[in-house]
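Here's the structure we're looking at; comments come further down.
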Amino acid sequence: MKKIINYILLLSMLCSYSSCDILEVDPKDFTAPSNFYKTEDELTTGLYGVYFYMNDSYIGELNHIILGDLGADVTYSRAGQFVPVFQYYQMENPTIEFSDAWRVHYTAIGAANMLINRAMKSPVEGEYKEQVIAEAKVLRAFFYHNLILMWGDVPLWTDELDIEVMPNLPRSPKAKVIEQIYDDLDKAIPHLPESYATDELGRITSWAAKAFLARVSLLQGDYETAYKQAKDVIEHSPHALLPVYADVFDWQNKFNDELIMVTPKQRDSQSSRIHTWVSPQANQESKAFDPLFKKGLKATRPDGVVVSSSARLFQGFGNFTSCKAYITSFEKGDTRQAMMNWIDVKMSDGTTQKLKGIGGRPFILKWMAFDEPNNNAGQDIHHIRLAEMYLILAEAANEKDLPGEAITNLNEIRKRAFGDEKHNYTQEKGKYQLKDKEAIKTAIINENRWELGGEGLRRWYLIHWGYEYLYNAISSMENQQKDPNTGEMIKVKENQRALNNIKPHHVLFKIPVQEFIKNPNLGENNPGY
């Protein structure tokens with residue numbers, strides 16, 4: 001991990017000294033002219049210039065995660081001009097941030113293309129060159145996959161094009177982009193190692209590429225490939241489910257056995273920001289706690305640390321929380337709920353003090369990094385973990401009419417969630433019976449929500465299952481509250497604004513108008529816009 005961060009830090013320093021913006025920099029700025037890549041070290045430097053983009057908020061960090069969860073049935077946010085676009089489906093008027101997201105992905109793709117094409121011409125011989133090219137191809141596949149999830153048909157290019165040519169490319173059909181993603185991953189996997197030395201952790205392994213291929217293929221309805229790849233990762237990789245769910249998200253438990261694809265972070269260099277968004281807002285929460293601390297009381301944080309001040313308890317903006325209805329959807333005894341439901345604080349006198357949250361919505365512990373500075377944490381960002389492979393294998397098996405295998409894989413994550421086998425699904429009569437293919441699919445959809453909530457994936461899985469699943473997920477978010485006129489308890493939709501606005505064409509985003517001005521060859525916008 002240290003080696004990859006040091007390389008990326010060097011690139012960051014070079015950029016900062018020239019006062020450049022990572023969203024505007026030409027990928028060629030990271031490399032010398034055509035005589036570059038004459039040694040393995042030069043290949044490595046070029047490769048880390050591509051990894052550098054995984055640190056961008058829209059590609060692999062804060063905004064990428066938030067965008068993948070808001071507007072579904074898991075999380076809520078109150079901040080940012082771009083939030084209403086996808087939380088409330090006001091997609092006819094995307095903000096400038098969406099143009100930023102489009103642009104930075106293509107900058108990253110340009111960097112990957114340059115490395116791949118120049119490395120192929122490099123005089124360096126041996127397997128290491130092939131490995132570098134393979135890693136860059138997986139990264140390029142990741143960038144393109146982000147783009148098609150958001151916009152469907154997008155410009156596709158794999159050559160090192162002249163900067164004047166690239167902005168004039170037309171959109172390619174989504175199916176053609178998917179073909180390229182498959183081709184990159186298929187060609188990369190044979191040349192990737194299964195593991196790395198400690199100082200290189202964070203580089204892509206063959207297992208990370210296979211896991212990513214499993215996700216890509218499942219989201220495209222290619223169940224044969226998804227089945228094969230997920231099964232391979234589960235049965236043959238060194239990765240394993242951690243016994244305790246909460247341990248997966250302990251930010252100091254870096255590169256634990258469950259994490260398959262990770263972007264390493266380090267304070268004061270390539271740091272992470274999401275912890276600041278999930279941590280409670282001090283000026284809101286401290287009003288109730290400061291008097292208690294002045295009395296000499298202490299509080300126990302979720303990480304077990306006993307503190308005596310609000311500054312050690314509330315360290316963020318409180319902008320990214322769980323939805324209330326999401327929390328009440330968990331079954332009793334499911335330990336996964338606690339990681340999405342920080343709303344109570346235990347005090348030293350035995351009492352419990354409630355947090356305000358956002359309208360009473362609880363805070364998310366999955367991304368919490370206590371005592372790390374705002375927007376400057378050494379908290380790694382995980383992109384794929386083994387539990388997702390069990391869910392992918394369960395769905396693929398169900399689609400292949402292998403109900404027993406589907407249920408077995410669902411039960412692997414349920415056994416950890418409940419700490420026993422009493423809550424296991426079964427084909428036999430009983431409380432947890434899954435009697436047919438549709439019942440198993442419903443269980444998969446629910447387990448996906450409970451297991452992966454808050455990790456930036458829910459929107460894409462719901463869209464994969466179909467628009468009606470996305471709509472129904474939003475509609476299912478109901479809470480009980482007192483009618484101000486009658487005093488009776490009534491059900492209220494938690495995201496009524498989304499239900500008022502959402503339309504079938506919102507499964508894809510609107511391409512920002514700015515992009516058509518820059519490139520008239522993009523043609524028409526996505527249907528419905």
>> Suppose the criterion is salt bridge (charged side-chain N to carboxylate O under 4.0 Å, His left out): which pairs have a residue in residues 142-158, not counting sequence neighbours?
In response: none

> Tell me, which pairs form a salt bridge (charged side-chain N to carboxylate O under 4.0 Å, His left out) where one or both residues lie in residues 123-137, sequence neighbours left out?
Replying inline: E135-R203

> Mind checking what makes ring-ring contact (aromatic ring centres under 6.0 Å, His included) contact with W207, not counting sequence neighbours?
Replying inline: none

> side chain to side chain contact (heavy atoms under 4.5 Å, CB included) with T276: which residues, sequence neighbours excluded?
Replying inline: F317, N374, N375

>> Under the rule for salt bridge (charged side-chain N to carboxylate O under 4.0 Å, His left out), what residues qualify as partners of D232, not counting sequence neighbours?
In response: K210

>> Restricting to ring-ring contact (aromatic ring centres under 6.0 Å, His included), what partner residues turn up for H383, sequence neighbours left out?
In response: F142

>> Which residues pass the side chain to side chain contact (heavy atoms under 4.5 Å, CB included) test with D222, not counting sequence neighbours?
In response: Y182, S217, E224, T225

>> Suppose we screen for ring-ring contact (aromatic ring centres under 6.0 Å, His included). Which residues come up paired with W342, at least two apart in sequence or across chains?
In response: F370

Donor-acceptor list for residues 172-179 side chains, cut-off 3.5 Å, not counting sequence neighbours:
none

> Quick one: side-chain hydrogen bond (donor to acceptor under 3.5 Å, both in side chains) partners of D183, sequence neighbours excluded?
Replying inline: K187

> Hey, are the side chains of N521 and L169 touching, using non-hydrogen atoms and a 4.5 Å cut-off?
Replying inline: no

>> Using the ring centroid of each side chain, check whether H382 and W251 are separated by less than 6.0 Å.
In response: no

>> Please verify the inter-ring angle class for W465 with Y461; under 30° counts as parallel, over 60° as perpendicular, anything in between as tilted.
In response: tilted

> Among all residues two or more places apart in sequence or in another chain, which pass the salt bridge (charged side-chain N to carboxylate O under 4.0 Å, His left out) test with D247?
Replying inline: none

> Can you name the ring-ring contact (aromatic ring centres under 6.0 Å, His included) partners of H145, sequence neighbours left out?
Replying inline: F212

